[in-house]
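Everything numeric in this text was worked out from a predicted model, so none of it was measured. Start at 1 and go down the list; that is how both ligands and their atoms are numbered.
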Amino acid sequence: MHYRDLCAAYEALEATSKRLEKTHLLAGLLRKAKEADLPELILLLQGRVFPAWDDRKIGVASKMVLKAICQASGLRASAAATEWKRTGDLGLVAQNLIEKKKQGTLFSQELSVRKVFSNLQRLASVGGHGSAGTKISLVAELLASASPLEARYIVRSVLEELRVGIGEGTLRDAIVWAYLPAPLSYDEEKKAIDVQDRERYNTLVALAQAAYDRTNDFAEVAKAAKKGEKALEEIDISLGTPLKVMLALKEGSIEKGFGRTGMPAQLEYKYDGFRMQVHKSGNRVIIFTRRLEDVTRQFPEVVEAVKTRVSAKRCIIDAEAVGFDAKTGAYLPFQNISQRIRRKYGIHELAKRLPVELDCFDLIQLEGKDLLESSLKERRRLLSGIIRPEERRIVIAHALTTADQAEAQAFYGDAISKGFEGIMMKSLEGGYRPGARIGTWVKIKPMMEPLDAAIVGAEWGEGKRGGWLTSFTIAVRDDEGSYATVGKVGTGLKEKREEGLSFDEMTKLLRPLITAESGRDVMVRPEVIIEVNYEEIQKSPTYSSGFALRFPRVVRLREDRNEPSRISYLEHLYKGQGR
Ligand code: AMP
């Protein structure tokens, strides 16, 4: 497939925010693609060259891209930098400069989707001495044969900022539109869809979703759909390929929790560790994280526990790995064991010093039988049948089934007093929905007190946030009156003024306070105070306060205050978290 076809689709997709129109465009593109092109095409459409669970990064800095643009267009670096500052978007810079260069040249080599994909993938594997030069050449090579429009999307793909906006639901529907004899038609002029048989259409969409839930790969779904409905139906979970994990909605009270799960519900402790999806096939065990990275090598004790204490030959278990003190056996917060995930050496020694227990709470597949449609009650029953628990190695998550508010409240109190993060409430009848945050799983955690923080630094944004300050470094005050940082926050601010406190407004407030600039980073006088919410306070060496806010979010401006909260207040809140 020609890369220009993909770029034409990108451009059209970018120009509309209407989901139906996007679906229609995508379906048209998919119909054109050969089966062999589907894997690459589908990844590129999502702005990637590796699947979501592959943590390889293209890893090319903006500055390198700028050099590649200069190399390909023959323009001076200073001129390109000016253009970058003006537009805030390197994709546009590339487009404009290639446009200028191309005037007069008639010939350029046609780029294929395959060529672009392969150069992008190669970028990720270039490392070591001289790697910057190689990366620049790989990008420049593509740009040299690119049309202006192609240049725009090459640059955005290299920077992993495609911003074309294709949701998973849209891609799924497009596959149905493209390949299955769906009972629908699309009116180009009215941009409207006419579904003749809604029920049948919904069935096909559900089928595509089920196939995606099991493979986690739209290329697989598309290939099967191209063959027909039957092939799609036959798609199954495959051991060794990770599924997305099911997620929970947050609710403010047990009563509201029951409102979502129905009664009775299954209540579990919310362990403060990290998610593990464990695949067992005979003597082979593979462990995936919540982000679906393979961390098998890092957790030899978990592999051993699963091999010896899980009787099933083939299964997929969903669990939380919780750290504990090797001497006392007391559970430790996630922070203490987080280093184990990335550890590449001294693994066995670290496993002894910072061991984890596997707290199993769900079963996704058993002896080849897919359990996604089975009820939680049934999955839990099967789970209990295959695990021989052993404390501080592998256990089944503690659970209580109840329809009684008071009993549930007591369970929650018990969880908090024992130092757990809170509780999970789960619908007994619900199936396992990979990647979905629907109300059949609910998490209940204590609300944190908001904090007033001073903005002491920020970053100039890129892309559609070009020209605005984003990602604000926030701080509290110590008793001597100096500022101690607690994190960076951008979440909560809006791109449009009508929607609330906006980046634009913040930029206007902060610009006059800038005291120093280096690259995209600025420092500002700490005069703007914002109220922030967060999920938790953690100890952290990253920030000068020694603490970091987890998932901070801007709530509002505190125009009524000119000082942030004290660090002693932060310490007080930290202690109050129940650890
Ligand atoms: P959160 O990260 O706040 O969205 O909470 C969801 C996470 O809690 C899951 O991804 C799990 O890693 C973790 N978790 C701890 N205990 C449980 C449990 N009993 N059931 C499900 N998830 C749990």
To the nearest 0.1 Å, how far is atom 8 (O) of ligand 1 from its closest protein heavy atom, and which atom is that?
K270 NZ, 3.1 Å

Among protein heavy atoms, which sits nearest to atom 1 (P) of ligand 1, and what does the distance come to when rounded to 0.1 Å?
K443 NZ, 3.2 Å

Decide salt bridge (charged side-chain N to carboxylate O under 4.0 Å, His left out) for E462 and R520; before the verdict, give the C-alpha distance in whole Å, the side-chain angles of both, and the deciding distance to 0.1 Å.
CA-CA 9 Å; E462 283 194 295; R520 283 166 51 211; 3.4 Å; yes

Nearest protein heavy atom with distance in Å, relative to atom 20 (N) of ligand 1
K426 NZ, 2.9 Å

Which protein non-hydrogen atom lies closest to atom 9 (C) of ligand 1, naming both residue and atom, and how far is it?
R275 NH1, 3.3 Å

If you measure from the Lys or Arg side-chain nitrogens to the Asp or Glu carboxylate oxygens, is any gap between R309 and E390 under 4.0 Å?
yes

Test of proximity, W441 against ligand 1: N or O pairs below 3.5 Å
no

Assess R297 against F299: is NZ or CZ under 6.0 Å from the centre of the six-membered ring, and within 45 degrees of the ring's axis?
no

Any heavy atom of K445 under 4.0 Å from ligand 1? The part involved is side chain

Atom 23 (C) of ligand 1 - nearest protein heavy atom and its distance
F361 CE2, 3.8 Å

Just need the protein heavy atom nearest to atom 16 (N) of ligand 1, so name the residue and atom and give the distance.
Y271 N, 3.0 Å

Using a strict cut-off of less than 4.0 Å between a Lys/Arg side-chain nitrogen and an Asp/Glu carboxylate oxygen, indicate whether R566 and D478 qualify as a salt bridge.
no

Stacked cation flag R392 on Y331, 6.0 angstrom / 45 deg:
yes

What is the ring orientation for Y269 with H398, classed by angle as parallel under 30°, tilted 30 to 60°, or perpendicular over 60°?
tilted

As an exercise, identify every atom of ligand 1 less than 4.0 angstrom from a heavy atom of M424.
17 (C), 18 (C), 19 (N), 20 (N), 21 (C), 22 (N)

Among R393, R340, K352, which residue meets the salt bridge (Lys or Arg N to Asp or Glu O under 4.0 Å) test with E301?
R340

Any Lys/Arg nitrogen of K445 or E535 sitting under 4.0 Å from an Asp/Glu carboxylate oxygen of the other?
yes

Just need the protein heavy atom nearest to atom 12 (O) of ligand 1, so name the residue and atom and give the distance.
E320 OE1, 2.4 Å

Give me the residue, atom name and distance of the protein heavy atom closest to atom 19 (N) of ligand 1.
E268 OE1, 2.8 Å

